[in-house]
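Report on the following structure.
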Amino acid sequence: MPAEIVRSAICRNCHGGCAVHLHLEDGRLRRVVPRKGSPFNCGRMCVKGVATPELVHHPDRLRSPLKRVGPRGSGQFEPVSWDEALDAVAGRLRRLREVHGPEALAIAQGTGRYYYLHVLRFANTFGTPNWFEPGLANCFIPRITAANLTYGGFVTGDYYGDTPPQTILFWGHNPLVSGPDGELSFPVAQALDRGAFGIAIDPRRSETARRCALWLPLRPGTDAALALAMCREIIESNLYDVAFVDRWTHGFEALRQRVAPCTLAWAEQVCGVPAADIRAAAHRYATATPGILDWGVAMEQTPHSLQTVRAIACLRGLTGNLDVPGGDILGMRLARPYPVRKQDLPDGMLEKRLGAREFKLLGGFHAFMPSAHIPAVVKAMEQGDPYPVRGMFMVGTNPLTTIANPRRLRQAMLGLDCIVAIELFMTPSAALADYVLPGAMWPEIDQVVELPFVAGNALFAQKKCMEVAGCRQVERILIDLARRLDLPGAEEALEALFDQQLAPTGLDFEALAGQFVHHPPFVYHKYQEKGFRTRSRKVEFVSGVLDRLGYDPLPAAAEPPESPVSRPDLVAEFPYLLITGARRREFFCSEHRQAPSLRRRRPDPLAELHPEAAAREGIADGDWIVVRSPRGEARFKARVTADIRPDVISVDHGWWFPERQEPGEGRGGVFESNANCLTSDAPPYDPAFGSYQLRGLLCAVRREA
Ligand SMILES: Nc1nc2c(c(=O)[nH]1)N[C@H]1C(S)=C(S)[C@@H](COP(=O)(O)OP(=O)(O)OC[C@H]3O[C@@H](n4cnc5c(=O)[nH]c(N)nc54)[C@H](O)[C@@H]3O)O[C@H]1N2
Ligand SMILES: Nc1nc2c(c(=O)[nH]1)N[C@H]1C(S)=C(S)[C@@H](COP(=O)(O)OP(=O)(O)OC[C@H]3O[C@@H](n4cnc5c(=O)[nH]c(N)nc54)[C@H](O)[C@@H]3O)O[C@H]1N2
Ligand code: SF4
Ligand SMILES: [Mo]
C-alpha cells in the first residue's frame with residue numbers, strides 16, 4: 001500500500017481531543033502530527049499522542065481473543081477465534097443472568113474513552129444497574145453535578161473567543177499536564193503566554209502553578225474552607241457583581257450568612273495559607289475580569305466532595321464570570337445525548353443499584369450518570385450482601401491499579417464465576433479474566449467526539465483510518481454480544497447511533513466525517529433569554545435539589561476524616577500528608593508504560609517530597625523510598641523538590657510494570673508502587689457521591705534498606 005496521510009483524525013490517547021494527521025505506509029501507522037490551525041489544540045499535541053505508533057504496533061498488543069486455560073490468576077491463556085469467544089462470553093453472561101439475575105453482573109469501565117457511553121448502554125440493556133468506573137464518585141461527576149445544580153449546565157473556560165481571560169484560577173488542577181480534556185493544555189498555555197494572571201491553589205507548585213503569579217499551597221483536603229473564605233471576602237469587600245447577583249442568583253443572603261464565620265484568619269489556620277494571599281486571590285479573581293475558574297479532580301477525592309465543589313462553584317456566581325466572553329461558559333450541547341437506553345433498565349433495578357439509596361447523586365434518580373458504589377459492589381462480590389454479584393465485565397479499566405484497596409478487590413475477583421475483559425494489553429486486572437477480547441485503538445475506529453467534554457461546543461467525526469488485524473472497535477464487540485443475547489436495540493448499527501446523536505445538527509455521521517468538524521459560532525449569555533436551567537431559573541447558591549434530597553443546600557466546610565486534626569493519634573507514626581495520583585505528561589492513568597519513548601523519559605514511579613522532609617528522613621534525590629500509610633506500603637523513587645509543601649508527600653498515579661509478566665499476585669508488579677495500596681475504601685464517604693479519600697491522607701516515609 002502506498003504512503004497516505006489521513007487528515008481527519010482525533011487523538012484519544014488521553015480523554016483526548018487533539019486534531020491530528022496520521023501518516024500511514026503499507027498499512028502501518030508511521031507518524032502522528034498535529035493538524036494545523038485546529039482551534040482546540042492550537043496546532044499542537046503531546047508526547048503521548050506522538051507515541052501512538054509505538055502503542056498501535058506494540059508487540060504486546062493483544063491481537064486475538066484469549067481464553068483462560070490455567071486456574072484464575074495463573075495468567076495462562078490460549079488464543080481462540082472471535083466467534084468462539086463471543087459465543088462463549090454470551091453463553092456465560094446469559095447463564096449468570098438466568099441463575100442470579102442481571103444485577104449479578106458488575107460492569108466496570110475506565111475513565112472516558114471513545115466507547116464510554118456505549119458501555120452504559122450495554123449495562124442498561126443487559127439489565128444490570130451495577131455499572132461503575134473508578135473515576136465516577138471520585139472524578140468529574142461531582143464537578144458536573146455541582147455545575148448542573150448551581151447553574152443548570154456544565155461550564156468550561158472560554159479560551160477560544162476574541163476576549164482573553166484576565167485571570168485564571170487553577171483550583172486543584174494542572175491542565176498543562178493533566179485534565180479532563182488533554183487538548184485544553186494548549187489554549188491554557190497560550191492564555192498564560194498572552195499575559196493572563198494565573199493563581200494556583202495546589203499543595204504542589206505544579207507545572208501550571210509555576211506559570212502562575214500567585215501560588216496558594218493549601219493543606220490537602222481543605223479546599224472547601226478556602227473557597228468559603230474567598231466567598232466571604234468577595235461579599236464583605238463588596239467585590240461581587242451586584243447587578244448579576246441581584247437579577248440572576250438565588251439565596252445570596254443565606255450564602256452571606258453561611259460564610260460569615262469563614263474569615264481570612266480562620267482559613268489561614270485551617271488551610272495553612274497566609275490570609276494575605278487568600279485575600280489577594282479573592283480580590284484578583286473578583287475584579288480582574290473576565291476570569292476563568294478551571295477546577296480539577298483533587299477536591300473530588302475526599303469524603304467532602306459535594307460541598308467542596310459547590311463552594312467553589314459559588315465563586316463563579318458571585319463574580320458573574322458566567323457565560324461571558326473570556327469567562328466560564330455554559331456548554332452549547334450541540335448533539336443529543338448518546339442513546340444509552342436508560343428506559344431498558346428493568347423496573348426495580350434502580351432500587352437495586354448497589355449504594356444508590358445512600359449516595360443519591362452517584363446512583364439515584366437525580367444522578368447525572370447513575371452508577372454503583374464501588375465498595376458496595378466489592379462487598380456484594382465477597383459476601384453476597386445484599387445479593388450476590390458473581391460476574392465482572394471490565395471494559396478498558398485496570399482497577400487493580402486505580403481502585404482503593406486493590407488487594408481486597410483482587411481477592412473478591414478470584415472468587416467470581418465469570419470475568420470478561422476488553423483490553424489493548426494484558427494488564428494485571430485483565431489477567432484475572434476468563435476471556436480477554438482485544439479492543440481497537442483510536443486510529444482504528446469510527447468515532448464522534450464532542451469538545452470540550454460534556455460542554456459539546458464542537459463536534460468532530462472520524463472514520464476508521466487503519467486496521468490492526470484481530471482487534472475490534474469496542475462498541476462493535478458490545479453490539480455483537482448484544483445480538484447474541486437478544487438485548488433491546490441490538491439491531492441498531494453503530495452508525496445509526498451516531499446519526500441519532502447528531503440529529504440536531506442536521507448532519508449524519510457520513511456528512512460530519514466528510515467535513516470533519518461542526519463548530520458553529522458560540523453564543524454567550526444564553527441564560528438571558530430563558531434563565532439558567534435550574535428550578536429557580538437562577539444561579540442557585542441555595543440548591544433546591546439538594547434541599548429536597550435531604551443534603552445541606554448551602555456549601556459547607558469539613559475536616560478530612562484522616563488528617564492531623566481529626567486523627568491526632570496517628571500523627572506520631574504517620575507525620576506527613578499524602579496526596580496520591582500525581583499525573584505525568586507521558587502516561588495516562590495506568591497506561592503507556594509499554595511505549596519505549598515515553599518510558600525512557602519517565603522510567604520510574606516518583607514520590608515528591610520537600611528538602612526539609614528529605615533531610616529529616618535521611619533521603620537524597622533519586623533514592624528508592626517506601627511510603628507507608630495505616631493500610632500498606634509502596635515504593636517510589638524520591639524526587640526532592642522545594643515545589644511542594646514541607647508536610648506533603650505526593651506519589652504518582654497508576655503504576656505497574658508491563659515488562660514483568662511473572663504469574664500470580666505479583667503479576668506486573670501491580671502491588672509494588674501502587675498508590676492505592678496506601679488508600680482506603682472504608683467509610684466515611686461523601687454523603688451524596690460516596691467519594692472516598694485519596695488526597696490528604698496520613699503517611700510516613702523512609703529510605704529503602
Ligand atoms: N489513588 C488514586 N487512585 C485513583 C486516582 C487518584 O488520583 N489517586 N484517580 C482516579 C481517577 S480520577 C480515575 S478517572 C481512575 C482511572 O482509572 P481507569 O480508567 O481504570 O484507568 P486505567 O487503569 O488506566 O484503565 C484504563 C485501561 O483501559 C485500557 N484502554 C485504554 N484505551 C482503550 C481502548 O481504546 N480500548 C480498550 N479496549 N481498552 C483501552 C488501558 O489499556 C488500561 O488498561 O483512577 C482513579 N484512581
Ligand atoms: N497526562 C495525563 N493526563 C491526564 C491523566 C493522566 O494520568 N496523565 N489523567 C486524567 C484523569 S482520569 C483526570 S481525573 C485528570 C486529572 O487532572 P487534574 O484535574 O489536573 O488533577 P491532578 O493532576 O490529579 O491534580 C492536579 C493538582 O491537584 C493538586 N492537589 C492534590 N491534592 C490537592 C488538594 O487536596 N487540593 C488542591 N487544591 N489541590 C490538590 C496536585 O498537586 C496536582 O498538581 O487528568 C486526566 N488527564
Ligand atoms: S493531549 Fe491527549 S489528545 Fe492531545 S496528543 Fe496528547 S494524548 Fe493525544
Ligand atoms: Mo479521572
Side-chain angles (χ1 to χ4, degrees), residues 12-16 46-48 55 62 108-115 133-136 138-140 143 170-182 185 200-209 216-223 226 271 294-302 308 394-404 421-425 427-430 437-442 444-445 471-474 477 560 577-592 594 608 644 648 650-654 656 674-679 694-697:
R12 305 301 299 275
N13 265 356
C14 65
H15 296 128
C46 87
V47 288
K48 293 186 293 303
L55 292 156
L62 301 174
Q109 80 166 88
T111 188
R113 301 312 196 299
Y114 65 82
Y115 45 78
E133 189 232 290
L136 280 167
N138 282 90
C139 174
F140 211 29
R143 260 171 293 169
F170 298 104
W171 203 304
H173 187 25
N174 186 15
L176 295 186
V177 167
S178 53
D181 286 58
S185 68
I201 296 176
D202 194 317
R204 292 186 318 131
R205 197 197 301 262
S206 67
E207 290 82 349
T208 307
L216 275 58
L218 89 170
R219 173 163 70 91
T222 62
D223 299 86
L226 191 75
C271 309
D294 217 334
W295 50 5
V297 78
M299 54 281 204
E300 296 166 326
Q301 301 193 336
T302 76
T308 304
M394 292 182 283
V395 188
T397 184
N398 187 3
L400 293 187
T401 61
T402 48
I403 285 181
I422 305 182
E423 251 302 342
L424 304 176
F425 291 93
T427 65
S429 308
L437 308 175
M441 266 183 80
W442 64 267
E444 306 149 31
I445 61 161
C471 302
R472 293 194 183 174
Q473 177 158 2
V474 172
I477 301 173
L577 297 166
L578 173 69
I579 54 184
T580 66
R583 269 71 173 161
R584 303 287 169 198
R585 199 173 271 119
E586 291 77 6
F587 306 129
F588 191 67
C589 300
S590 76
E591 289 189 67
H592 304 143
Q594 299 92 343
E608 288 175 299
I644 192 167
V648 167
S650 165
V651 302
D652 275 5
H653 183 43
W656 65 290
N674 186 333
N676 281 315
C677 288
L678 306 169
T679 62
L694 297 173
R695 316 244 173 166
L697 297 156

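All ligand and atom numbering here is 1-based and tracks the order in the structure. Residue indices begin at 1 and follow the sequence shown.
Those atoms of ligand 2 that come under 4.0 Å of a heavy atom in Gly296, given as number and element, are 19 (O). Below 4.0 Å from some heavy atom of Ile422 lie the following atoms of ligand 1, by number and element: 38 (N). Taking every heavy atom of His653 and a limit of under 4.0 angstrom, the matching atoms of ligand 1 come to 4 (C), 5 (C), 6 (C), 9 (N), 45 (O), 46 (C), 47 (N). For ligand 2, the atoms closer than 4.0 angstrom to any heavy atom of Arg584 are 1 (N), 2 (C), 8 (N). Residue-ligand proximity, Ser206 to ligand 2, at heavy-atom distances under 4.0 Å covers atoms 44 (O). Those atoms of ligand 2 with a heavy atom of Phe587 less than 4.0 angstrom away are 1 (N), 2 (C), 6 (C), 7 (O), 8 (N). Of all atoms in ligand 1, listed by their number and element, those nearer than 4.0 Å to a heavy atom of Leu424 are 30 (N), 31 (C), 32 (N), 33 (C), 34 (C), 36 (N), 37 (C), 39 (N), 40 (C). Within ligand 2, counting atoms from 1 as listed, the ones closer than 4.0 Å to a heavy atom of Val177 are 1 (N), 2 (C), 3 (N). Each of the atoms 23 (O) of ligand 1 lies under 4.0 Å from some heavy atom of Thr401. Taking every non-hydrogen atom of Gly581 and a distance limit under 4.0 Å, the qualifying atoms of ligand 2 come out as 24 (O). Listed by number with element, the atoms of ligand 2 under 4.0 Å from a non-hydrogen atom of Leu218 are 36 (N), 37 (C), 38 (N). Ligand 1 places these atoms under 4.0 Å from at least one heavy atom of Arg695: 7 (O). For ligand 1, the atoms sitting less than 4.0 Å from at least one non-hydrogen atom of Pro134 are 15 (C), 17 (O), 18 (P), 20 (O), numbered in the order shown with element in parentheses. Those atoms of ligand 1 that come under 4.0 Å of a heavy atom in Thr397, given as number and element, are 18 (P), 20 (O), 25 (O), 26 (C), 27 (C), 28 (O).
A donor-acceptor distance shorter than 3.5 angstrom exists from the side chain of Thr208 to the backbone of Leu176, with no hydrogens or angles considered. Using modelled atom types, no side-chain atom of Asn174 and backbone atom of Ser206 make a donor-acceptor pair closer than 3.5 Å. In this structure, the side chain of Arg584 does not engage the main chain of Ala582 through any donor-acceptor pair within 3.5 Å. A donor-acceptor contact shorter than 3.5 Å is absent between the side chain of Gln301 and the backbone of Cys139. Not a single donor-acceptor pair under 3.5 Å links the side chain of Tyr114 to the backbone N or O of Gln473.
Contact detail for Pro203 and Ile579: the closest heavy-atom pair is CG-CD1, 4.1 Å.
Annotation: atom 43 (C) of ligand 1 to nearest protein heavy atom, Glu423 OE2, 3.3 Å. Annotation: atom 13 (C) of ligand 1 to nearest protein heavy atom, Gly135 CA, 3.9 Å. Among protein heavy atoms, the minimum distance from atom 1 (N) of ligand 1 is reached at Asn676 OD1, 2.7 Å. The shortest contact between atom 14 (S) of ligand 2 and any protein heavy atom is with Cys139 SG, 3.1 Å. The protein heavy-atom contact nearest to atom 34 (C) of ligand 1 is Tyr115 CE2, 3.6 Å. Among protein heavy atoms, atom 46 (C) of ligand 1 sits closest to Thr402 O, 3.4 Å.
Of the heavy atoms in Val297, both backbone and side-chain atoms come closer than 4.0 Å to ligand 2. Looking at Thr427 against ligand 1, only its side chain comes within 4.0 Å, counting heavy atoms. Looking at Phe140 against ligand 1, nothing comes within 4.0 Å, counting heavy atoms. The backbone and the side chain of Asn398 each have at least one atom closer than 4.0 Å to an atom of ligand 1 (non-hydrogen atoms only). Residue contacts with ligand 1, taken as heavy atom pairs separated by less than 4.0 Å, involve Arg583 solely via side-chain atoms from C-beta onward. The residue Gln109 has no part lying near ligand 1, judged by heavy-atom distances below 4.0 Å. With a heavy-atom cut-off of 4.0 Å, Tyr114 touches ligand 1 through its side chain alone. Residue contacts with ligand 1 for Leu694 involve side-chain atoms from C-beta outward but no N, CA, C or O (heavy atoms, distance under 4.0 Å). Neither the backbone nor the side chain of Leu678 has any atom closer than 4.0 Å to an atom of ligand 1 (non-hydrogen atoms only). Residue contacts with ligand 1, taken as heavy atom pairs separated by less than 4.0 Å, involve Ala440 solely via the backbone atoms N, CA, C and O.
Backbone and side-chain nitrogen or oxygen atoms of Gly396 are examined, and one is located within less than 3.5 angstrom of a nitrogen or oxygen of ligand 1. Close N/O approach between Thr111 and ligand 2 is not found [any backbone or side-chain N/O within under 3.5 Å]. On a distance-only criterion, Pro220 and ligand 2 share no N/O pair closer than 3.5 Å.
Using a 4.0 Å heavy-atom cutoff, Met299 is absent from the residues neighbouring ligand 2. No heavy atom of Glu586 sits closer than 4.0 Å to any atom of ligand 2. Within the structure, the closest approach of Arg12 to ligand 1 does not fall below 4.0 Å when heavy atoms are considered. Heavy atoms of His15 approach ligand 2 to within less than 4.0 angstrom.
Counting heavy atoms from C-beta outward, Leu577 and Arg695 have side chains that stay 4.5 Å or more apart.
Remark: the Trp656 side chain and the Asn674 side chain contain no N/O donor-acceptor pair separated by less than 3.5 Å. Counting only N and O atoms by type, the side chains of Asp223 and Thr308 include no donor and acceptor under 3.5 Å apart.
Note that the CZ atom of Arg204 and the OG atom of Ser650 stand 5.0 Å from one another [nearest 0.5 Å]. Between the CG atom of Leu697 and the CG atom of Leu578 there is a distance of 5.5 Å, given to the nearest 0.5 Å. To the nearest 0.5 Å, the span separating CG on Asp294 from NE2 on His173 amounts to 4.0 Å. Separating the SG atom in Cys271 from the CG atom in Leu226 is a distance of 4.5 Å, to the nearest 0.5 Å.
Between Glu207 and Arg583 there is no salt bridge, since no side-chain nitrogen of the basic residue lies less than 4.0 Å from a carboxylate oxygen of the acidic one.
Counting heavy atoms only, Asp223 comes closest to atom 38 (N) of ligand 2 of the residues Asp652, Asp223, Asn13. For atom 24 (O) of ligand 1, the candidate residues are Cys14, Ser590, Ala298, Gly654; the nearest heavy-atom contact is made by Ser590.
His653 and Phe587 have their aromatic ring centers separated by at least 6.0 angstrom.
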